[in-house]
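Worksheet for the structure shown next.
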Amino acid sequence: MKKQPVIHLICAARPNFMKVAPLYHELVRQGWARPLLVHTGQHYDANMSSDILADLNLPDPDIYLGIGSGSHAEQTAGVMLAYEKICLADPPDYVVVVGDVNSTMAAAITAKKLLLPVAHLEAGLRSRDWTMPEEINRIVTDALSDLLWTPSPDADENLRREGVPEERIVRVGNIMMDAFEMLRDRISADPILASLGIPAGGYALVTLHRPSNVDQAATLRPLVESLQTVADHLPLIFPVHPRSRERLKAFGLWPQLERNQSIVLLDPVSYIPFMSLVQQARLVITDSGGIQEETTYLGIPCLTLRPNTERPITILEGTNALSDASRLIGQVREILDRETQLETRPDLWDGQTAGRVAENLKNALQAGKKI
Ligand code: UD1
């Protein structure tokens, strides 16, 4: 009997863990492969990494590269140098990368140059905004990947237009919904909101971390002012990303947020309490990618502080709308004036994505005679 094929599941930063976890658990359950969790260490604080792994019932990583923070070049090169050694010493049978962070692209380049097969989970998303580091990561990763697992028809179409052969494109749905469904009961029972003394439906949840929003005072100041105006109508709960906290303090904007009685500032919270805050929010204001999808799935109105999105299905079929500092308060008022929206579920966002991914991976390995 052949030995079990080894699958590297690459994770690096906060939004990766909820994409890797359902696949890891599914592969363990099916038993035909040996999934190894490879954590690059791009995010390393407990509340950005190990707490989230624990919420998702993931073990400690099998391989930890420990690359930490740095410039784009430093992070990318750090992962490539460290991961190349791992692959040379003990090459895996397949490398699975998820999402669009620097480590996603770095691991894909490294593996492909060693002629190892690569699969990209959450392939095909495009914002067409080349100022976003994630857009470059997505395009490079997709260009290199042997299997492109997409969440939505627009992603399939983007890849076709870029000349990706049809047989590489496999629509599997949105794996983050699997993570939510896996933990739905614990999310619903989480005490975080009660501990803050705010009623369900009585607040807007805010997240903000994109360099284009937080790195320049000229952009961040008007955003903070418009958030303060929103807080006059609806209390805000704002778990603050380390990058944003540092910028808010550097630009002297932190004290006014802290003084505002209608704004609750928190450290970043782990997956289960965070999703509990999303689930019970009246609306969400964010610049995250994944939260646009989670709010669509849960039927929570979402205002995305960006000029574009790589997830247009959340606008066309979901609860999302683009926003900016000048439009925000008007859009919030509109949401508060209308009935709550119904949950919308784009096709294949059904909590069953990990099963489809595992099946496709198994077929690929069988075709390559690895099983
Ligand atoms: C990264 C991803 C982004 C993703 C985001 C989610 C890239 C290009 N960006 O952005 O796509 O949406 O993660 O959070 O890969 N820091 C800490 N502790 C940590 C991690 C970071 O304090 O555990 C601080 C450091 O000062 C670091 C800064 O946050 O320099 C930014 O971290 P980095 O991983 O470079 O980018 P993110 O803004 O988190």
Side-chain angles (χ1 to χ4, degrees), residues 10-20 39-54 61 64-80 82-83 97-109 120-123 125-127 129-142 176 179 205-216 219-220 238-251 254 266-271 274-275 278 284 286-294 302 304-306 308-311 314:
I10 311 291
C11 59
R14 186 167 62 175
N16 293 162
F17 305 125
M18 44 295 252
K19 294 167 194 166
V20 159
H39 189 328
T40 70
Q42 179 172 340
H43 284 177
Y44 42 85
D45 287 344
N47 58 15
M48 301 287 284
S49 176
S50 56
D51 293 352
I52 303 177
L53 294 179
Y64 188 73
L65 305 180
I67 59 127
S69 297
S71 70
H72 289 277
E74 284 166 341
Q75 275 185 343
T76 307
V79 172
M80 290 181 71
Y83 188 51
V97 297
V98 303
D100 56 14
V101 302
N102 286 342
S103 303
T104 307
M105 176 185 74
I109 296 174
H120 184 203
L121 179 51
E122 197 188 84
L125 299 183
R126 297 289 181 269
S127 65
D129 177 352
W130 287 76
T131 66
M132 283 181 83
E134 293 82 359
E135 184 72 353
I136 297 168
N137 296 340
R138 288 188 284 259
I139 286 172
V140 173
T141 304
D142 285 345
M176 285 201 308
L205 179 67
V206 178
T207 82
L208 210 57
H209 76 281
R210 264 188 213 281
S212 55
N213 279 331
V214 306
D215 279 4
Q216 308 296 326
T219 322
L220 188 53
F238 183 4
V240 189
H241 186 285
R243 173 195 283 276
S244 312
R245 181 181 296 259
E246 197 262 312
R247 297 283 87 194
L248 287 163
K249 288 187 173 164
F251 301 146
W254 186 256
L266 301 176
D267 285 333
V269 293
S270 185
Y271 180 72
F274 184 77
M275 288 312 299
V278 173
V284 172
T286 189
D287 61 4
S288 148
I291 297 169
Q292 297 171 49
E293 300 178 329
E294 289 159 335
C302 179
T304 298
L305 292 167
R306 286 177 44 189
N308 50 55
T309 177
E310 62 290 332
R311 293 161 160 94
T314 61

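Values below: every heavy atom of this structure, side chains too, minus hydrogens, waters and symmetry copies. Both counts, for ligands and for their atoms, begin at 1 and track the order of listing.
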Please determine which of D142, T104, N102 meets the side chain to side chain donor-acceptor pair (under 3.5 Å) test together with N137. N102
May I ask you to identify the nearest protein heavy atom to atom 3 (C) of ligand 1, giving residue, atom name and distance to one decimal place in Å? E134 OE2, 3.1 Å
Which is closest to atom 18 (N) of ligand 1 by heavy-atom distance: T40, D45, N102, T207? D45
Heavy-atom distances under 4.0 Å decide this one: backbone, side chain, both or neither, for E246 against ligand 1? neither
Counterpart residues, side chain to side chain donor-acceptor pair (under 3.5 Å), relative to S103 (two or more places apart): T40, Q42
Atoms of ligand 1 close to P15 [distance to a heavy atom under 4.0 angstrom, numbered from 1]: 6 (C)
Taking only non-hydrogen atoms of P242 and a 4.0 Å limit, the atoms of ligand 1 in range are 16 (N), 17 (C), 18 (N), 22 (O), 24 (C)
Ligand 1 to N137 polar contact by distance, N or O atoms, under 3.5 Å: no
Under 4.0 Å from any heavy atom of H72, which atoms of ligand 1 are there? 8 (C)
Taking ring pair (Phe, Tyr, Trp, His ring centres under 6.0 Å) as the test, write out the residues that go with H39, two or more places apart. F17, Y64
If we number the atoms of ligand 1 from 1 as shown, the ones under 4.0 Å from a heavy atom of V101 are 2 (C), 11 (O), 15 (O)
Atom 27 (C) of ligand 1 - nearest protein heavy atom and its distance: S69 OG, 3.2 Å
Going by the closest heavy atom to atom 13 (O) of ligand 1, which one wins out of H43, Q42, R14? H43
Any side-chain heavy-atom pair from D129 and E135 closer than 4.5 angstrom? no
Ignoring hydrogens, just give me the one of R243, R138, Q75 whose non-hydrogen atom is nearest atom 28 (C) of ligand 1. R243
In terms of residue, atom name and distance, what is the protein heavy atom nearest to atom 16 (N) of ligand 1? Y44 OH, 3.6 Å
How about Q75 and V79: do any of their side-chain heavy atoms sit closer than 4.5 Å? no
Within a strict 4.5 Å, meaning less than it, do heavy atoms of the L208 and H241 side chains meet? no
Specify the protein heavy atom at minimum distance from atom 5 (C) of ligand 1: its residue, its atom name, and the distance to 0.1 Å. H209 NE2, 3.5 Å
